[in-house]
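Protein chains get the first letters and strands the later ones, always in sequence-line order, with residue 1 at the start of each. Just so we're clear, the structure is a prediction, and the values are computed from it rather than from any experiment.
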Amino acid sequence: MLRSDYCGTLTEGDEGRLVSVCGWVASRREHGQHLAFVDLRDHTGIIQCVVDGAQDLRPEYVLRITGPVRRRKAGTANSALATGDVELGDCEVEVLSVAEPPPFPIGDRVEADETVRLRHRYLDLRRDRMQRNLRLRARVNSALRRSMEAQGFVEIETPMLIASTPEGARDFVVPSRLHPGSFYALPQSPQLFKQLCMVGGFDRYYQVARCLRDEDLRADRQFEFLQLDVEASFVDQEDVLGFITVAVAAATEEATGTAPAPFGRMTWAEASERYGTDKPDVRFGMELVDLTPVFSETGFNAFKAPAVKGIRVPGGGDTTRNRLDALTDKAKQFGAKGLVWMRVGPDRVLDSPVARFVSADEQASLAATLAADPGDLLLIVADERPKVNHVLGLLRLELGRPPVNDGGFNFLWVTEFPLFEGLGDDGRPIPAHHPFTMPHPDDVHLLESDPLAVRSQAYDLVLNGWELGSGSVRIHRRDVQERVLGLLGIGPEEAQARFGFLLDAFRYGAPPHAGFAFGIDRLVALLAGEENIREVIAFPKTQSGADPLTRAPQPLDPLQLAELGIRVLPPKA
RNA sequence: GGUCCUGUGGUGCAGUUUGGAGUGCACGCCGGCCUGUCAAGCCGGAGGUCGCGGGUUCAAAUCCCGUCAGGACCGCCA
């Protein structure tokens with residue numbers, strides 16, 4: 001062992017000890033040939049070392065420094081440093097590695113361009129922010145595992161090279177050398193395998209599972225991500241919510257030092273009506289208010305719609321015309337036909353380009369329903385109800401969303417998702433979760449008569465407006481499964497071809513089971529107070545799915561292609 | 001597939017609105033001085049394809065078009 005102590009741990013209690021520390025030169029301060037100070041950094045912090053001024057010691061050199069811990073001379077202590085009362089004196093310095101000047105400063109003082117950070121990620125990782133985040137991630141992972149183990153769950157690994165199933169996201173595919181022309185898919189999740197584990201008698205399964213989806217990247221989405229994947233047999237929805245709540249609360253307490261507030265509960269229908277989304281950020285108000293009754297007999301054509309709803313932006317009355325135009329453009333991009341804005345003036349007089357189309361009674365009722373105060377801004381959208389909710393939900397976030405590290409950790413269970421999210425082009429319902437989701441027991445009779453009204457036993461966990469994960473009670477009864485598949489237009493033959501192995505397995509005694517999976521990257525990002533998950537991933541990809549460090553993806557050598565029986569089409573002209 | 005923002009010595013920025021010599025700030029880098037600093041200080045110096053291409057103009061970092069890269073978002077993500 002080259003070191004006896006970590007840099008950041010030395011205190012007055014160590015006075016007199018001869019110690020060896022190892023690390024990188026954070027800064028040097030030279031005072032001629034006879035005196036120089038080197039701040040040596042490791043992941044625990046920084047210690048000042050008094051060294052011979054003649055030595056050429058530059059930033060990021062890797063050193064082993066041996067010297068006695070001594071109290072600093074009176075008046076030279078540095079209260080900004082945890083080790084600021086002591087220093088290593090009369091140091092012997094071993095240069096373990098020299099270093100070129102880094103392309104960006106390693107200190108956290110200056111933010112560096114993200115492309116440069118990713119291209120030299122190994123240097124970025126040296127910085128305090130990434131050290132903190134990745135070490136936090138490790139502790140959260142560990143806490144999750146401990147919690148699942150303590151609850152009697154068994155970790156089982158599932159394969160990475162699997163058969164492609166056409167549902168859901170786009171698969172990453174891997175060509176097979178032994179079966180030219182055939183391909184594996186990388187798992188979008190271990191969904192089907194964990195259900196097979198249930199049939200296999202592992203009644204409490206979990207896995208810290210890597211999942212891959214070939215969809216466009218976002219601040220909260222990478223191609224590859226980590227899920228805590230859970231499934232249990234002989235349990236109901238409440239049991240699953242309990243397991244996950246215990247684990248997530250344990251992880252949160254590990255990260256923050258305090259247990260989170262009790263997790264909230266809300267149905268999907270309530271979330272949609274009040275917040276216009278299935279992942280409401282409940283840290284702030286500005287809830288959607290139904291104005292349909294106000295305009296039930298309106299003469300204003302724009303408000304002759306199945307639903308009219310609005311949000312009140314407190315104090316938003318000074319919003320500039322430019323900004324309002326930009327908001328209108330946003331609303332249109334979100335799918336609205338338009339956006340009606342009204343500034344609330346003194347005595348609740350409404351100032352709006354369309355005010356003259358809205359009767360005095362309607363204006364008064366509108367202001368009262370929205371509880372408008374002078375100085376507020378009102379935003380109103382009229383359209384089909386789901387569209388209105390969607391658009392206003394996004395505008396609400398645009399105008400009111402607090403920074404990610406504001407307002408604590410507001411976990412929220414959203415339950416009773418619809419079984420189907422709408423009708424496809426073929427007129428058949430589209431599963432909101434996946435085709436193995438159990439319908440709500442009270443709604444099973446509606447499956448054929450009114451499928452879109454059928455609630456499911458599916459549920460999401462939401463944290464401050466981020467969807468952490470989702471799960472459901474699965475169908476384990478053959479008759480119900482056949483009815484649902486039939487509704488989806490998947491006949492017995494097609495079902496057999498697509499996931500026959502699961503249906504076959506269910507013929508041999510399938511226990512009732514339910515499960516959940518949530519994104520660990522997202523949880524860690526929020527616990528770390530980061531706006532994007534790249535900050536909690538050691539080697540992430542850019543928004544275009546590239547890695548500036550390794551320059552992936554790359555064209556493949558023609559010989560490799562030939563071995564796989566693959567010919568690449570020329571790029572589109 | 002789409003909307004928006006960004007791109008200026010190694011790094012972080014200003015300059016772009018209203019075209020006029022690569023004009024400025026801070027850090028870093030190189031050399032010198034310096035025995036108690038701590039983002040050390042002082043003196044001197046080097047370092048530029050203003051992302052790239054085209055256009056407009058007497059003249060483009062600045063205006064226009066295209067393109068590349070990065071970011072935020074819509075679509076997409078059972």
Side-chain angles (χ1 to χ4, degrees), chain A residues 26-40 46-54 58-60 72-81 83-84 87 89 100-120 123 165-171 188-189 191-192 211-223 225 326 329-336 390-391 394-395 397-398 401 417 419-422 424 429-437 456 458 467 470-472 488 498-499 517 519 531-532 534 541-546 548:
Chain A
S27 73
R28 69 193 147 120
R29 295 175 291 279
E30 294 174 28
H31 294 260
Q33 294 298 305
H34 305 287
L35 175 68
F37 299 97
V38 161
D39 285 347
L40 198 69
I46 281 174
I47 180 73
Q48 169 168 293
C49 307
V50 183
V51 303
D52 180 356
R58 296 169 189 240
E60 302 310 318
R72 290 201 193 182
K73 290 179 182 168
T76 64
N78 181 358
S79 59
L81 226 51
T83 61
E87 65 187 6
E100 293 176 18
F104 56 88
I106 304 302
D108 272 357
R109 215 155 32 84
V110 181
E111 188 55 72
D113 179 78
E114 197 176 353
T115 317
V116 181
R117 290 176 57 202
L118 291 182
R119 187 174 304 132
H120 303 277
L123 293 179
T165 51
E167 287 74 33
R170 202 174 289 115
D171 283 323
Q188 299 177 23
S189 77
Q191 179 61 37
L192 299 179
C211 306
L212 298 107
R213 295 176 191 175
D214 186 4
E215 298 291 347
D216 289 0
L217 290 73
R218 285 284 206 296
D220 62 352
R221 274 161 37 188
Q222 285 269 305
F223 283 154
F225 56 99
D329 287 344
K330 285 244 181 204
K332 286 177 181 167
Q333 205 200 344
F334 296 154
H390 176 67
V391 172
L394 290 173
L395 287 175
L397 292 177
E398 175 83 19
R401 182 165 207 176
F417 271 64
L419 190 61
F420 306 108
E421 65 182 15
I430 300 165
H433 190 53
H434 59 58
F436 316 112
T437 303
S456 69
E467 181 195 323
S470 57
S472 62
L488 299 175
R498 280 161 66 166
F499 21 75
E531 301 276 357
N532 80 63
R534 295 187 300 276
K541 306 263 188 298
T542 66
Q543 199 165 74
S544 68

So that I can tick it off, tell me whether A:Arg221 and A:Glu215 are bridged by a salt bridge, with the cut-off set at under 4.0 angstrom between side-chain N and carboxylate O. no
Hey, are A:Arg119 and A:Glu114 close enough for a salt bridge, meaning a charged N less than 4.0 Å from a carboxylate O? no
Euclidean distance, atom [atom1] of residue [X] to atom [atom2] of [N] [Å, nearest integer]:
X: A:Arg221; N: B:rG71; atom1: CZ; atom2: P; result: 14 Å
X: A:Phe104; N: B:rG70; atom1: CZ; atom2: P; result: 17 Å
X: A:Ile106; N: B:rG12; atom1: CD1; atom2: C1'; result: 15 Å
X: A:Lys330; N: B:rU3; atom1: NZ; atom2: P; result: 13 Å
X: A:Phe334; N: B:rA72; atom1: CZ; atom2: P; result: 15 Å
X: A:Leu397; N: B:rC74; atom1: CG; atom2: P; result: 9 Å
X: A:His390; N: B:rC76; atom1: NE2; atom2: P; result: 8 Å

In whole angstrom, give me the gap between the [atom1] atoms of [N] and [M].
N: B:rG10; M: B:rC29; atom1: C1'; value: 8 Å
N: B:rC27; M: B:rA46; atom1: C1'; value: 16 Å
N: B:rG48; M: B:rC73; atom1: C1'; value: 34 Å
N: B:rC68; M: B:rC25; atom1: P; value: 37 Å
N: B:rG1; M: B:rA61; atom1: P; value: 33 Å
N: B:rG15; M: B:rG9; atom1: C1'; value: 15 Å
N: B:rG53; M: B:rA60; atom1: C1'; value: 15 Å
N: B:rG28; M: B:rC38; atom1: P; value: 13 Å

At under 4.0 Å between heavy atoms, what does [X] touch on the DNA or RNA strands: base, sugar-phosphate, or nothing?
X: A:Glu398; value: nothing
X: A:Arg28; value: sugar-phosphate
X: A:Arg117; value: nothing
X: A:Pro548; value: nothing
X: A:Asp113; value: sugar-phosphate
X: A:Glu114; value: sugar-phosphate
X: A:Leu394; value: sugar-phosphate
X: A:Ser544; value: sugar-phosphate
X: A:His120; value: nothing
X: A:Ala77; value: base
X: A:Glu87; value: base
X: A:Gln191; value: base
X: A:Ala80; value: nothing

Choosing from [options], which nucleotide comes nearest the side chain of [X]?
X: A:His34; options: B:rU35, B:rG36, B:rU11; answer: B:rU35
X: A:Thr115; options: B:rA72, B:rU3, B:rG70; answer: B:rG70
X: A:Gln333; options: B:rG2, B:rC38, B:rU35; answer: B:rG2
X: A:Ala546; options: B:rG70, B:rU35, B:rU37; answer: B:rG70
X: A:Ser27; options: B:rG75, B:rG12, B:rA40; answer: B:rA40
X: A:Thr542; options: B:rG71, B:rC77, B:rC38; answer: B:rG71
X: A:Arg29; options: B:rG36, B:rU11, B:rA40; answer: B:rA40
X: A:Gln543; options: B:rC73, B:rG36, B:rC34; answer: B:rC73

Which atom names give the shortest non-hydrogen contact between [X] and [Y], and what distance separates them?
X: A:Pro102; Y: A:Glu60; answer: CG-CG, 4.0 Å
X: A:Asn78; Y: A:Arg72; answer: CB-NH1, 3.6 Å
X: A:Ser189; Y: A:Arg213; answer: CB-NH2, 4.1 Å

Report yes or no: is there a donor-acceptor pair, N or O only, under 3.5 Å between the side chain of [X] and the base of [N]?
X: A:Gln48; N: B:rU37; value: yes
X: A:Arg218; N: B:rG75; value: yes
X: A:Asn532; N: B:rG71; value: no
X: A:Arg213; N: B:rC77; value: no

Between A:Pro102 and A:Leu192, the residue closer to the 5' end of RNA chain B by nearest nucleotide is A:Pro102
Identify, between A:Phe436 and A:Arg534, the residue whose nearest nucleotide on RNA chain B lies closer to the 5' end. A:Arg534
Would you say A:Gln222's side chain and A:Lys541's backbone share a donor-acceptor pair under 3.5 angstrom? yes
CG/A:Leu217 to CG/A:Asn532 distance, rounded to the nearest 0.5 angstrom? 11.0 Å
Atom pair CZ/CD1 of A:Phe420 and A:Ile430 - distance to nearest 0.5 Å: 10.5 Å
According to the Watson-Crick and G-U wobble definitions, with both distances under 3.5 Å, which nucleotide is paired to B:rU17? none
Just do the side chain to side chain donor-acceptor pair (under 3.5 Å) check on A:Thr115 and A:Arg117 with the steps written out, would you? CA-CA 5 Å; A:Thr115 317; A:Arg117 290 176 57 202; over 6 Å; no
